[in-house]
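Atoms within each ligand, like the ligands themselves, are counted from 1 in listed order.
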Amino acid sequence: MSDFKETEMGVGTDGLLQTTGAEESKLLQEIQDSAEAVSQPEQDLAESDNPDSERPLVSFASLGLSEPVLQAVSDLGFESPTPIQERAIPLVLSGCDLIGQAQTGTGKTAAFALPILSRIDGADRSLKALVLEPTRELALQVSESFQSFARHIDDFRVAPIYGGASYENQIRSLRHGAQVVVGTPGRLIDLIERGKLNLSAVSFVVLDEADEMLRMGFIEDVNWILGKLPQQRQTALFSATMPEAIRSIAHQHLVSPEEVRIESRTTTATTVHQRYWVVSGVHKIDAMTRILEVEPYDAVLVFVRTKTDAEDVATKLSGRGLACAALHGDIPQRQREKIIERLKNGSLDIIIATDVAARGLDVDRITHVFNYDIPYDAESYVHRIGRTGRAGRTGEAILFVSPRERRALKQIERITRQRIEPLRMPTAADVNKRRLENFRNQIMETIEAGGLEEYVEVVSDLLSDDSLEPETLAAALAKMAQRGSSLLLDESAPEPSLHQGFDDRRRERRMPSAEPAPLRDFPDMKMVRYRLAVGRRDGVKPGQIVGAIANEANMESKYIGEICIFDTFSTVDLPAGMPPEVQHILAVARVCGRNLELREYTAEPPRRQRGEYQPLRAPDFAPDANDEGEYRHEPGDVNGNSVDYHPRRQNQFGSKGGARRGIDFSAPRRGYDEPKSRRPHFRSGPAVATRRSFGAPASIRRRDGF
Ligand code: AMP
């Protein structure tokens with residue numbers, strides 16, 4: 001297999017971003033080197049650090065996409081391709097294999113979906129493209145994206161395939177003919193093994209979020225699926241990081257892949273104060289309105305992703321009485337200039353813009369930049385926030401980031417080498433304080449402005465009636481000025497949860513129930529919930545727990561039930577009737593450097609009981625009641641490290657191999673009345689490596705899909 005051909009996007013000496021292939025990249029480097037040799041180094045540095053040096057505008061139309069796809073992109077309000085799209089789309093269209101180093105939020109779904117769709121013929125119902133996703137949420141989300149990008153392709157169908165849902169519907173959708181299947185590995189394997197998924201015509205495969213698949217223990221499943229696909233195909237692999245195991249997959253299954261990485265050389269040393277807010281509890285529009293009520297601002301620039309969003313946010317803010325306008329590519333140039341002029345002269349305070357429309361916007365009075373939608377990369381973040389803090393002033397940048405975009409935030413911090421602080425969302429009391437201050441200021445300004453004579457006469461006349469107190473009169477006038485709406489927010493009303501940072505999501509203390517969840521495949525099997533002394537703080541993943549239990553107790557993974565990971569401990573549901581020997585083995589089994597200390601979970605802090613087996617306890621053990629709370633897998637949050645674990649099948653490498661010492665409690669016992677075929681097998685014995693893994697220790701392998 002040949003070496004990867006790596007292409008990069010960087011900032012050239014002219015300050016413009018340039019796209020190159022491997023040879024071009026080399027050539028460009030030579031040109032750059034020679035240019036640097038004759039130019040002032042300080043000047044080059046200043047140029048590449050200049051937030052105004054934006055990359056040239058590329059249109060979707062120039063990338064070679066089909067007409068129906070271009071039409072859909074336009075309908076969706078996408079103005080120009082994101083960096084990963086700009087790079088990946090032509091490569092995918094050219095037919096080569098591709099490695100894309102990109103994470104969620106960079107627009108990578110469209111980077112592979114648009115070129116795939118450009119080559120799909122709706123009239124041909126055979127399965128043409130298979131997209132592998134690590135979670136059902138992503139499978140659904142990516143399917144929806146395909147559907148929406150394919151809105152102008154007649155007879156196009158996409159089938160999302162994931163575990164935990166009815167087989168029937170999924171099999172039906174495959175039978176009807178889907179040109180694209182987006183699925184999680186486990187269920188895909190099930191359907192392939194059952195002969196329900198015909199891969200013979202697949203000519204395009206996407207391995208999305210490959211590092212996430214690795215983390216979740218799916219890599220062997222992915223390998224298995226890739227091995228079942230036709231040799232003649234195009235493969236694209238997307239991953240936020242490139243650990244060795246992913247490179248190894250790429251090496252094994254991709255042919256001379258082009259590698260696309262978005263290199264950012266931008267650094268900021270900015271006078272802009274940067275804060276972020278984790279989108280949770282309230283709508284972004286409410287959050288922004290509340291922030292704007294409390295922050296002293298002059299002019300505000302709000303960045304959104306699409307033209308439609310720009311219009312939408314502008315309409316909503318106007319509805320709340322804020323002087324604002326949308327600025328995007330569909331607004332004629334003359335009108336755009338007028339809007340910018342109004343922002344400059346103060347007749348307008350807020351502009352909601354797309355990146356394209358805000359290019360070159362230079363207005364000194366902008367005090368705040370809102371990243372209402374997170375930008376695609378750190379570089380565009382720097383360009384955006386560079387719109388404030390101009391002409392020697394300071395500026396404020398506020399970034400809205402969803403929990404699943406936390407990686408993007410970290411990357412921005414890393415590349416800009418600046419910390420972005422969590423923003424404290426103003427409370428109703430903060431808002432009221434500011435409203436009262438404003439109210440008072442308005443009164444004082446009105447008094448200072450004068451011209452009150454005619455009103456003084458009316459007021460004096462009213463006050464001549466002794467029964468009317470001046471305070472009551474003034475309050476009545478104030479109420480009239482409010483035109484029926486209340487001046488103050490109700491501080492006693494329950495506040496929406498206004499999280500400050502990612503960590504706050506876990507601060508809620510919630511003890512897990514002691515009630516075990518039934519096994520999906522064997523819902524009648526009696527289960528017991530156990531507590532394990534490893535938790536999120538140890539970095540434990542469900543796959544490690546499954547691996548340890550399956551290997552140490554020689555237990556088939558299909559009997560391992562729901563796993564929940566908390567800060568300081570985890571729970572796992574296992575079939576009832578575990579013999580003391582096995583319990584002991586699992587109590588002393590080590591995962592992430594700790595003994596598992598397995599014991600029955602009682603939703604009470606552990607108590608020492610005389611005569612009972614007492615595993616060693618780590619010195620910094622914190623009782624469960626002090627745990628910071630559960631970290632469950634959330635829809636759309638691919639970084640979640642807890643899953644509802646539904647074992648599905650015996651692995652194809654044979655889970656029954658390996659050395660065993662033969663403690664087997666599968667024999668009938670009291671209270672254990674499952675039919676023989678459904679009885680779990682616990683056996684003691686050393687860890688058994690059952691599947692080929694990519695350098696990962698046996699204990700971290702997880703053997704199921706969904
Ligand atoms: P992804 O990284 O694929 O999860 O995409 C993140 C978000 O960006 C999705 O909401 C997309 O609809 C949106 N998006 C992708 N490409 C573009 C684009 N070129 N212009 C505007 N929005 C986009």
Subject >> Main-chain N/O of Ile331 paired to Arg336 side chain as donor or acceptor, under 3.5 Å >> reply: yes

Subject >> atom 4 (O) of ligand 1 - nearest protein heavy atom and its distance >> reply: Gly105 N, 3.7 Å

Subject >> Heavy-atom donor-acceptor pair, Gln234 side chain to Val92 backbone, under 3.5 Å >> reply: yes

**OP:** Look at the rings of Phe149 and Phe78 and say which category their plane angle falls in: under 30° parallel, 30 to 60° tilted, over 60° perpendicular.
**Re:** perpendicular

Original post:
Going by an N to O cut-off under 4.0 Å, is there a salt bridge joining Arg305 and Asp355?
Top reply: no

Subject >> Nearest-contact summary for atom 11 (C) of ligand 1 - protein heavy atom, Å >> reply: Phe78 CZ, 4.0 Å

Original post:
Where is the nearest protein heavy atom to atom 3 (O) of ligand 1: which residue, which atom, and how far?
Top reply: Thr109 OG1, 2.6 Å

**OP:** For ligand 1, indicate whether the residue Ser80 contacts it via side chain, backbone, both or neither (heavy-atom separation under 4.0 Å).
**Re:** backbone

Original post:
Counting both backbone and side chain atoms, is some N or O of Gln141 under 3.5 Å from an N or O of ligand 1?
Top reply: no

Original post:
Got the closest protein heavy atom to atom 20 (N) of ligand 1, with its distance?
Top reply: Tyr376 OH, 3.1 Å

Original post:
Taking atom CD1 of Ile246 and atom CD1 of Ile99, what is their separation to the nearest 0.5 Å?
Top reply: 10.0 Å

Original post:
For the atom pair CG (Leu226) and CG (Leu199), what is the distance rounded to the nearest 0.5 Å?
Top reply: 10.5 Å

**OP:** Identify the protein heavy atom lying closest to atom 15 (C) of ligand 1, giving its residue, its atom name and the separation to 0.1 Å.
**Re:** Gln85 NE2, 3.5 Å

Original post:
So, is Phe60 polar-close to ligand 1, with some N/O to N/O distance under 3.5 Å?
Top reply: no

Original post:
Do the ring centers of Tyr372 and Phe303 come within less than 6.0 Å of each other?
Top reply: no

Original post:
Can a salt bridge be assigned to the pair Asp286 and Arg320 using a cut-off of 4.0 Å between side-chain N and carboxylate O?
Top reply: yes

**OP:** Report yes if some N/O of Glu79 lies less than 3.5 Å from some N/O of ligand 1; otherwise report no.
**Re:** no

Original post:
Would you say ligand 1 has an N or O under 3.5 Å from any N or O of Thr306?
Top reply: no

Subject >> Closest protein heavy atom to atom 8 (O) of ligand 1, given as residue, atom name and distance to 0.1 Å >> reply: Arg305 NH1, 2.7 Å

